[in-house]
2 protein chains.
Amino acid sequence: MTPQPAESVQKRYYQHSNKHLVAVDCIIFGFQNDVLKILLLKRKVAPLKGQWSLIGSFVNTGEHLDNAAKRILKESTGLQNVFMEQLHCFGKSDRDPGDRVISIAYTALMRLEESDESKVEAFGAKWVELKKKPDLVIDHNEMMALALKQLQRKARLYPIGFELLPKKFTLPQLLKLYQAIYQQKIDDRNFRKKILSFGILKKLEEKDKSESKKGAFYYSFDKKKYEKMIKNEGRFFLTLVK
Amino acid sequence: MTPQPAESVQKRYYQHSNKHLVAVDCIIFGFQNDVLKILLLKRKVAPLKGQWSLIGSFVNTGEHLDNAAKRILKESTGLQNVFMEQLHCFGKSDRDPGDRVISIAYTALMRLEESDESKVEAFGAKWVELKKKPDLVIDHNEMMALALKQLQRKARLYPIGFELLPKKFTLPQLLKLYQAIYQQKIDDRNFRKKILSFGILKKLEEKDKSESKKGAFYYSFDKKKYEKMIKNEGRFFLTLVK
DNA sequence: TCAAAAGTGTTCAAGTTACACCCATGT
DNA sequence: ACATGGGTGTAACTTGAACACTTTTGA
């Protein structure tokens, strides 16, 4: 019933234990034009075929979980080199009406460019504004909610802009990112002061004139200082949000 | 090869997907006599039989993951009514030399009384001082390290004493708990000030005279205020530790 | 010249840190 | 009377919160 090809020279113990279907679901956040988006897909298999869902599929025999996540994301959307982190394992016995499936949720943050929109659409996937999220199958709404909560917590402790913004970005953009994550207004003077005080931003000569006549200076992250800060956890602490 | 008893009226989809062994491992912290302890067991099955290990076993068909954790803890140690939380899913394909096993780690905090020591020993389990932790099998050292890190993070954001201390406790005890978790000295004057400022402790009439001649007042948590504080995440923030 | 977004400083309140001595009591 | 652990207060400093106006420039 369950094919078990000889995958290695590993000996087999535990022969009498039960086996389970194990899946991975990916929650991918992207930031573009001042809005937070998430990557969704219309489900291609029964049951619940055609309904909105996260990117997900089954883990293969002998496949490292992290690699399964990468493979599944690539197969479903074409996206590669996305750094995913494990979020949580969803293990209720009746969560999936198709069968008993244990699912491990992964999250990632991406900087989104125009071209990314059409690329994933070729796979039937779509970047949807967080605020316009449709209802999702199974417990995917719950997964999304947890992922957003984790993103908010993370944004308070780490300067996450690195992952969601292009290499060059302006302070108004960074502020909008934080406001999008917290769905809340943040005082711009205090925000600038705080963010700059961490000393991880480099001001560039160039200005972005696409948003205003005056133009806003571009900044970039100082990768070395950024990584040093990440190491001593908790040095970064954004108090401007509740 | 893998028995699949009809567990419900659920239809079966996904018939061609691979199945996996799924286990749960439990990291249980206990606090007693001013030291942090963890619950360990000498492994009873091959491979690695007889070596130190966390409490763990396999998830059954159709079993809710959280329930599996409870069952496994009870079967292996007799402990019941322990509130466990999921920590992380460990999914490297070669982590267990016995076979490919995906393991979900759970953690819990317990107040430890003298009687608990002998109870678990009847099952062959043992409360071991954190500082004297032996080398553990497979990736259980890694699980432990992650659990401790999470405990430290949690202790900074929540008044966790509730779970690790007896109902009545003294401030010196609470201080020692925090020092044990962070393996670091904390200024007692500042600690008292900060902890009391949260307004979740009730001072009792009674004193504990077992530790000193003067005696230290007992306190208890005010459960209502405690739960209110938990709700607005981040109200509690212990800045005294690095 | 004006509209639209970028950029800038100060004051007040709150919280954090560092630090040393007296208290109560059992033996 | 003394040894042991319990308990307390303050001053200097750092950080956070609230808040309004000037600058630049393309149209």
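Here is how names work: the chains are called A, B, and so on, in the same order as the sequence lines, proteins then strands, and each is numbered from 1.
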Seminar exercise, completed: In whole angstroms, the gap separating P of dT15(D) from CZ of F198(A) amounts to 10 Å
For this session: Please examine the side chains of H140(A) and Q51(A), heavy atoms only from C-beta on, and report whether any two atoms are closer than 4.5 Å.
Result: no
Exercise. Using the C1' atoms of the five pairs at each end, what is the angle between the end axes of the helix from dT1(C)-dA27(D) to dT27(C)-dA1(D), to 10°?
Worked result: 10°
For this session: Quick one, give me the B/S/- string for nucleotides 4-12 of chain C, reading 5' to 3', where B means a protein heavy atom under 4.0 Å from the base and S means that only happens at the primed atoms, P, OP1 or OP2.
Result: -BBSBBB--
For this session: Among residues two or more places apart or on two chains, list those pairs meeting ring pair (Phe, Tyr, Trp, His ring centres under 6.0 Å) that have a residue in residues 203-223 of chain B.
Result: F162(B)-F221(B), F169(B)-F221(B), F221(B)-Y226(B)
Exercise. Does atom NZ of K223(B) have more than 12 heavy-atom neighbours from other groups under 6.0 Å away?
Worked result: no
Problem set entry | Single hit among L130(B), I27(B), I160(B) for side-chain contact (heavy atoms from CB on, under 4.5 Å) with L151(B) | I160(B)
For this session: Scan N81(B), L164(B), L79(B) and name whichever one has a side-chain contact (heavy atoms from CB on, under 4.5 Å) with M110(B).
Result: L79(B)
Problem set entry | Whole angstrom value for the distance that separates C1' of dA17(D) from CD of Q184(A) | 13 Å
Exercise. Under a 4.5 Å cut-off applied to non-hydrogen side-chain atoms, are K133(A) and N141(A) in contact?
Worked result: yes
Exercise. Nearest-Å distance, CZ (F191(B)) to P (dT17(C))?
Worked result: 14 Å
For this session: Take the protein atom NZ of K194(A) and the nucleotide atom P of dA18(D), then report the distance between them rounded to whole Å.
Result: 14 Å
Exercise. Mind checking whether Q32(B) and E117(B) have side chains closer than 4.5 Å, heavy atoms only?
Worked result: yes
For this session: Assess whether side-chain contact (heavy atoms from CB on, under 4.5 Å) is satisfied between D222(A) and K224(A), documenting all intermediate values.
Result: CA-CA 6 Å; D222(A) 183 326; K224(A) 274 187 197 161; 3.8 Å; yes
